[in-house]
Number of protein chains: 2
Amino acid sequence: MNAIEPAAAKRRTWQRDAVRDALLERDGFVSAQMLHSALRDAGSTIGLATVYRALADLAADGAADHLQHDGESLYRACGSSGHHHHLICRSCGRAVEISADAVEAWARAVAAEHGFRDAEHVVDVFGTCADCARAAD
Amino acid sequence: MNAIEPAAAKRRTWQRDAVRDALLERDGFVSAQMLHSALRDAGSTIGLATVYRALADLAADGAADHLQHDGESLYRACGSSGHHHHLICRSCGRAVEISADAVEAWARAVAAEHGFRDAEHVVDVFGTCADCARAAD
DNA sequence: TTGCAATTGATAATCAATCTCAATAGATTG
DNA sequence: CAATCTATTGAGATTGATTATCAATTGCAA
């Protein structure tokens, strides 16, 4: 009856579960390719396209964070469900969730000041974490 | 004598000038591909690889801003030379340069707090500018 | 169990970006 | 001005990530 929302009947498959689980096992951002080869190495026969689809769905459902760096999309299981940002190690991919109300307010204010609507913001900090910095010396 | 800095003797070519000029003519972010086809349409015989190289050089010299969105690199002639961020219209690409010392300080503090070194940050706000919002109604 | 549409996955296609390398053309020197 | 040296160019090949295709598979509801 509802032509606008076709109910989006999502089916549960072991593939989707595998992707979600694999994502939960890590505490840093990973690319679809990395996740795919990790799953393959673990014996799974899951296809690459399926990993891409599953990750896109998780991100759309808010169950995963998504960001782009250096030409590739990175995903991470989303811990705190609210809006937040990340401090990411450029070497090992480990990420720390950070929230900053001040930044949110600033972004909103700047957009409003210039007459922009529906503002979204991209705020991420990349650096080298203490462990990786030590390892590099 | 300086083995670290080989003087980087940059030559001046009409191609580099063309890219710089084309970039200056716009007031929003453009991709290398867009700039290349615009130049071609205007009669230039410049090659795509050259546009990529010129843009990378401009960005490295601080003469252009660079950001990534939706899998492609976007460039813009840089007005103010210092570090700053952008408020970008997702519809027409127009960009407003914004600077916020508070955000810089916050990013530095967050990185330091978690033991991260060499922090860089990505801070951009996307929205729909007043003109585009009006046009969409 | 049956039927059907959502899902999968191997592979082809796409798209941005980079690399290769021979030809070209700034800059410098005589 | 001419010769020389080498950075730069550009057409096309290549890489790498992501998406599209489509026949075979498989949840799931009746």
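So that the names make sense, note that chain A is the first sequence line, chain B the second, and so on, each numbered from 1.
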- [ ] Under 4.0 Å between any heavy atoms, over every strand shown, what does S73(A) touch: base, sugar-phosphate, or nothing? Just pick one.
- [x] sugar-phosphate

Open item on the list: Return the CG to CD distance between L67(A) and E72(A), rounded to the nearest 0.5 Å.
Closed with: 10.0 Å

- [ ] For H84(B) and D65(B), test the side chains for any donor-to-acceptor distance below 3.5 angstrom and give the result as yes or no.
- [x] yes

Just list the side-chain donor-acceptor pairs under 3.5 Å for residues 101-115 of chain A, sequence neighbours left out, or say none.
unit_1, atom_1, unit_2, atom_2, d
E104(A), OE1, H83(A), NE2, 2.9
E104(A), OE1, H121(A), NE2, 2.9
E104(A), OE2, H85(A), NE2, 2.9

Atom pairs, protein N/O to nucleotides 10-15 of chain C N/O, distance under 3.5 Å:
unit_1, atom_1, unit_2, atom_2, d
dA10(C), OP2, R40(A), NH2, 3.0

Task: Range on DNA chain D touched by chain B - first to last nucleotide, heavy-atom distance under 4.0 Å - done: dT6(D) to dA11(D)

Open item on the list: If I compare all heavy atoms of I88(B) with all of A95(B), which pair ends up nearest, and what's the gap?
Closed with: CG1-CB, 4.1 Å

Task: Side-chain cluster (under 4.5 Å, hydrophobic types only) that L24(B) belongs to, other residues - done: none

Task: Partners meeting salt bridge (charged side-chain N to carboxylate O under 4.0 Å, His left out) with R94(A) (sequence neighbours left out) - done: D131(A)

Task: Contact letters for nucleotides 25-30 of chain C, in which S counts primed atoms plus P, OP1 and OP2 and B counts the base, heavy atoms under 4.0 Å - done: BBS---

Task: Canonical and wobble pairing (Watson-Crick, G-U, under 3.5 Å) of DNA chain C, dot-bracket with | - done: ||||||||||||||||||||||||||||||

Open item on the list: Applying salt bridge (charged side-chain N to carboxylate O under 4.0 Å, His left out), can you list everything that pairs with E120(B), at least two apart in sequence or on another chain?
Closed with: R90(A)

Show every donor-acceptor pair shorter than 3.5 Å between a side-chain atom in residues 28-48 of chain A and any protein atom, with sequence neighbours excluded, or say none if there are none.
unit_1, atom_1, unit_2, atom_2, d
S31(A), OG, M34(A), N, 3.1
Q33(A), NE2, Y52(A), OH, 2.9
H36(A), NE2, R40(A), NE, 3.4
H36(A), NE2, I46(A), O, 3.2
H36(A), NE2, L48(A), N, 3.3
S37(A), OG, Q33(A), O, 3.2
S37(A), OG, M34(A), O, 3.2
R40(A), NE, I46(A), O, 2.7
R40(A), NH2, I46(A), O, 3.0
S44(A), OG, I46(A), N, 3.1

TODO: Mind listing the closest non-hydrogen atom pair of L23(A) and A77(A) along with its distance?
DONE: CG-N, 3.5 Å

Task: Separation of atom CG in L67(B) from atom P in dA17(C), rounded to whole Å - done: 12 Å

Open item on the list: Tell me the interatomic distance from Y52(B), atom OH, to dC19(C), atom C1', rounded to whole angstroms.
Closed with: 13 Å

- [ ] Could you pull out the closest heavy-atom pair between F116(A) and G127(B), with the gap in Å?
- [x] CD2-C, 3.8 Å

Task: Test side-chain contact (heavy atoms from CB on, under 4.5 Å) applied to D70(B) - qualifying residues, sequence neighbours left out - done: none

Task: Which residues share a ring pair (Phe, Tyr, Trp, His ring centres under 6.0 Å) with Y75(A), sequence neighbours left out - done: H66(A)

Open item on the list: Test of understanding: with side-chain contact (heavy atoms from CB on, under 4.5 Å), list the residues that count as partners of D57(B), not counting sequence neighbours.
Closed with: K10(B), R16(B)

